[in-house]
Each structure stands twice: as structure tokens, then as C-alpha cells.
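To start, the structure under review is shown below, and the notes come after it.
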Amino acid sequence: PRLEVRVKNVNLPDGTVLFVGLGCEYHSCLDYRKVGTFALSGRQGSFTGSLQIEVGRQTSIIVSTADGTVRLSNSEPMNP
């Protein structure tokens with residue numbers, strides 16, 4: 001499977017590296033697996049990559065800074 005993450009209008013400086021992580025399906029968890037990184041440029045950035053794990057409709061995805069601060073997450077389940 002492939003994962004695409006795009007962010008824009010981010011209030012962080014250019015060059016800031018953001019980490020993309022995948023969490024657990026069907027419940028909240030604190031153990032996210034890092035799947036990639038990207039750097040901001042012009043208040044935006046994107047990540048596209050192949051995943052070695054299955055991702056379900058309920059899998060949580062986060063974008064965080066190097067210090068672990070979550071900047072974006074889909075904490076709510078996605079409905080069909």
C-alpha cells in the first residue's frame with residue numbers, strides 16, 4: 001500500500017522536518033511507527049511512500065515535529 005500526506009498553510013519555518021507515523025487500528029495508542037519524513041518549504045510539504053504494513057480505515061496517522069509534538073492527526077475514525 002501507498003500513503004500520501006500533504007500539508008499546507010503550516011505555521012512553522014521553512015526547513016522544519018516533520019515525521020509521518022502510523023498508529024493502531026480501532027483504538028488509541030501511543031506507539032506510532034515512523035514511516036517517513038519531509039521538510040517544509042513555503043509553508044507546505046508532502047510525503048509519499050510505500051508501506052510495509054497494512055493500513056485500515058481506522059488506522060491513525062500523525063504528523064509530528066522532531067521533539068514528538070503532534071502537529072496533525074486523524075484521531076477520529078474515517079467513515080465510508
Leu18 vs Thr65 side-chain heavy atoms within contact, under 4.5 Å: yes
Flag side-chain contact, heavy atom, 4.5 Å: Val10 against Thr16: no
N-O pairing of Glu4 and Arg2 below 4.0 Å: no
Nearest-0.5 Å distance, CZ of residue Phe19 to CG of residue Asp67: 9.5 Å
Minimum heavy-atom distance Gly15-Ala39, with the two atoms named: O-CB, 4.3 Å
Flag side-chain contact, heavy atom, 4.5 Å: Val7 against Leu40: yes
Gln44 to Lys8 - nearest heavy-atom pair and separation: CB-CA, 3.8 Å
Same apolar cluster: Leu12 and Phe38, side chain cutoff 4.5 Å: yes
In one Ile/Leu/Val/Met/Phe/Trp/Tyr side-chain cluster, 4.5 Å: Val17, Val20: no
